[in-house]
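What follows is a set of notes on a single structure, which appears directly below.
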Amino acid sequence: MSDNADFIAYCLEEYKHAKGITGKEAIMLFKQFKIIDYIVNCYGALHTMGGLAITEDIDSLIEDIKNAEKKTSFYTIFQN
């Protein structure tokens with residue numbers, strides 16, 4: 001495995017254990033919110049962090065995406 005693949009697996013396992021979810025649920029979240037792309041793009045910074053910090057960072061990213069989607073759908077309603 002490449003360094004990126006090993007690190008993605010590590011992040012996935014850390015997130016799964018921290019959240020008490022299955023691997024399948026974690027993979028679905030990672031796909032839905034493009035977390036794997038984020039991990040690859042931010043590998044330089046993320047690989048210096050511990051599992052808890054990575055989990056918190058992923059949670060923050062997911063929350064930011066959800067909030068952006070809410071704002072977009074709110075504005076779309078009033079633009080039509």
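Keep in mind it's a predicted model, so treat the numbers as computed, not measured.
Partners of Glu13 under the salt bridge (charged side-chain N to carboxylate O under 4.0 Å, His left out) rule, at least two apart in sequence or in another chain, are Lys16.
Applying the salt bridge (charged side-chain N to carboxylate O under 4.0 Å, His left out) definition to pairs two or more places apart or across chains, none involves residues 21-46.
Hydrophobic side-chain contacts under 4.5 Å tie Leu61 into a cluster, directly or through other members, with Phe7, Ile8, Tyr10, Leu12, Tyr15, Ile21, Ile27, Leu29, Phe30, Phe33, Ile35, Ile36, Tyr38, Ile39, Val40, Tyr43, Leu46, Met49, Ile54, Ile58, Ile62, Ile65.
Looking only at distances, no side-chain donor or acceptor of Ser60 sits under 3.5 Å from a matching main-chain atom of Glu56. Listed for the His17 side chain is no donor-acceptor partner under 3.5 Å among the backbone atoms of Glu14.
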- Stepwise side chain to side chain contact (heavy atoms under 4.5 Å, CB included) check, Lys19 with Thr55: CA-CA 9 Å; Lys19 296 299 176 182; Thr55 296; 4.2 Å; yes
